[in-house]
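Worksheet for the structure shown next.
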Amino acid sequence: MNKGPDDLQSEVQQANLCAGCGMCVGLCPYIKEMDEKVAIVERCGRSDGRCYRFCPRTSTDIGALDEMVFGARRGDAVLGSYRTLTAAKAANAATHSAGQYGGVVSALIIHALKKGVVEAALLTRYSERKQVLPRPTVARNRKEVLACSGSKYTAAPTLSALQDILKTGEKLAVVGRPCQVTAIRKMQLYDDRPELKNIKLVIGLFCLWALDYRRYAAHLSGQVNVSRIRKIDIPKNDDFIVYTNGGEARVPINKIKEFIRPSCQVCFDVTAELADISIGSTEWQDDWNTVLVRSEAGEKLFADALKAKAVTTKKFPGEREAILREAVGAKKRRVLKELSRRGSESAPLLYLKLDDSQRALFLEGGNK
Ligand SMILES: Cc1cc2nc3c(=O)[nH]c(=O)nc-3n(C[C@H](O)[C@H](O)[C@H](O)COP(=O)(O)OP(=O)(O)OC[C@H]3O[C@@H](n4cnc5c(N)ncnc54)[C@H](O)[C@@H]3O)c2cc1C
């Protein structure tokens, strides 16, 4: 059944399920974003729209997306398809220290640019105008990549700039949260514009939640001089620490969690399951990353970066994998419960099921 902007408005925006990924904003002149709030400002009257089809919160055929990206459906309902799970960090000291954790995202993008795998990368950096507000940025060299290092904990509608950068014809990498990766993959599945072939690399970030910019920024402005943020971190899921040039401010994590976007409560994808490479914290060593290499393109780039000594790896301990799986599985179970509480028939419910004990996750028709 075809659906369009009116359906996007009623099923996603009015239902408070917008992920703030930015995809629809870049597709349509009638959809605008301001301070991370997305709104349809005028009706276009279409009954079938790419804004609806590519949205990560509308019905999503995970099996078809798996087949497009990985050549097969997944057999792992918790982490999705992947080839390797390792711990890694950037080998270059400056890249490493600029990074949120191990700096692997920045190191891989810098490597891909250096080797000509891509010519540009769509990244996210704080705006000059409002320091806590992240904006899309196109980086074409090491300096520009490092200017984007570090996690910004709001949605950052980075994909609003995707259509424009695609028009340049440059080979492109995109770094995004799981919802943004899903939106890109839906676009690749349903759209046959030749320029989409220029997306050579999609790096996904692990993400349990993103914050509502307006509420978060208002709270933060009472706590710190937000015009001078250097880095934000959540060590051991404890305090939310904002480091500024003039000192640091600590906000209890439970206070910060009040600002989580409602849309994140129905998202079952923690590890960017459709990315070429997915990267998160390790939760046990602050200066290393967890890296899931998923696709053939991801494997090629990661192996090449390793060979060129752009990144260093070490074994991912078995007991840490068990902890990662438990954390990701727990989030999926929370989402399934939330969706059934809402009586929702949305895609994750069709795809994942809880067993009777409410513990195991099963693929529809699968055995995991
Ligand atoms: C909102 C959010 C929530 C997260 N939650 C978790 C979590 O629960 N568990 C976990 O293990 N990891 C989480 N991460 C990922 C983690 O914070 C790091 O981004 C990841 O480990 C990569 O680290 P790095 O040192 O390689 O990053 P860097 O080398 O510093 O690169 C970071 C990259 O992230 C991009 N970026 C920053 N903020 C955003 C944003 N809001 N949207 C899109 N792109 C962005 C930048 O463009 C930059 O290229 C989250 C990230 C974000 C943005």
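By convention here, the first residue in the shown sequence is residue 1. Quick caveat, the model's predicted, so the values are computed rather than measured. We count ligands from 1, going down the list as the structure has it; atoms in each ligand are counted the same way.
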*K152 to Y126, cation-pi by 6.0 Å centre distance and 45° axis angle*: yes

Ligand 1 polar-atom proximity to protein (N/O, under 3.5 Å):
from: ligand 1; atom 1: 5 (N); to: F206; atom 2: O; distance (Å): 3.4
from: ligand 1; atom 1: 8 (O); to: L208; atom 2: N; distance (Å): 3.3
from: ligand 1; atom 1: 11 (O); to: S281; atom 2: N; distance (Å): 2.8
from: ligand 1; atom 1: 11 (O); to: S281; atom 2: OG; distance (Å): 2.7
from: ligand 1; atom 1: 14 (N); to: F206; atom 2: O; distance (Å): 2.7
from: ligand 1; atom 1: 17 (O); to: S151; atom 2: OG; distance (Å): 2.6
from: ligand 1; atom 1: 19 (O); to: S151; atom 2: OG; distance (Å): 3.1
from: ligand 1; atom 1: 21 (O); to: G280; atom 2: O; distance (Å): 3.2
from: ligand 1; atom 1: 21 (O); to: S281; atom 2: N; distance (Å): 3.4
from: ligand 1; atom 1: 21 (O); to: N289; atom 2: ND2; distance (Å): 3.2
from: ligand 1; atom 1: 23 (O); to: N289; atom 2: ND2; distance (Å): 3.1
from: ligand 1; atom 1: 25 (O); to: Q100; atom 2: N; distance (Å): 3.1
from: ligand 1; atom 1: 25 (O); to: Y101; atom 2: N; distance (Å): 2.7
from: ligand 1; atom 1: 25 (O); to: G102; atom 2: N; distance (Å): 3.4
from: ligand 1; atom 1: 25 (O); to: G103; atom 2: N; distance (Å): 2.8
from: ligand 1; atom 1: 26 (O); to: V104; atom 2: N; distance (Å): 3.0
from: ligand 1; atom 1: 26 (O); to: V105; atom 2: N; distance (Å): 2.9
from: ligand 1; atom 1: 26 (O); to: N289; atom 2: OD1; distance (Å): 3.3
from: ligand 1; atom 1: 29 (O); to: S106; atom 2: N; distance (Å): 3.1
from: ligand 1; atom 1: 29 (O); to: S106; atom 2: OG; distance (Å): 2.6
from: ligand 1; atom 1: 30 (O); to: Q100; atom 2: N; distance (Å): 2.8
from: ligand 1; atom 1: 30 (O); to: G150; atom 2: N; distance (Å): 2.7
from: ligand 1; atom 1: 38 (N); to: K152; atom 2: N; distance (Å): 3.0
from: ligand 1; atom 1: 41 (N); to: K152; atom 2: O; distance (Å): 2.7
from: ligand 1; atom 1: 41 (N); to: T154; atom 2: O; distance (Å): 2.9
from: ligand 1; atom 1: 44 (N); to: T124; atom 2: OG1; distance (Å): 3.4
from: ligand 1; atom 1: 47 (O); to: T124; atom 2: N; distance (Å): 2.9
from: ligand 1; atom 1: 47 (O); to: T124; atom 2: O; distance (Å): 3.4

*So, are E170 and R140 salt-bridged, with charged N and O less than 4.0 Å apart?*
yes

_Do the side chains of R74 and E273 get close enough for a salt bridge, i.e. N-O under 4.0 angstrom?_
yes

_Taking salt bridge (Lys or Arg N to Asp or Glu O under 4.0 Å) as the definition, give me every residue that meets it alongside K32, ordered by chain and number, with sequence neighbours left out._
none

Pairs of donor and acceptor atoms involving the side chains of residues 107-124, under 3.5 Å and at least two apart or interchain, shall be tabulated with distances.
from: H111; atom 1: NE2; to: D304; atom 2: OD2; distance (Å): 3.0
from: E119; atom 1: OE1; to: K171; atom 2: N; distance (Å): 2.6
from: T124; atom 1: OG1; to: T158; atom 2: OG1; distance (Å): 2.7

*With sequence neighbours left out, what residues match T313 under side-chain contact (heavy atoms from CB on, under 4.5 Å)?*
T86, A88, F302, L306

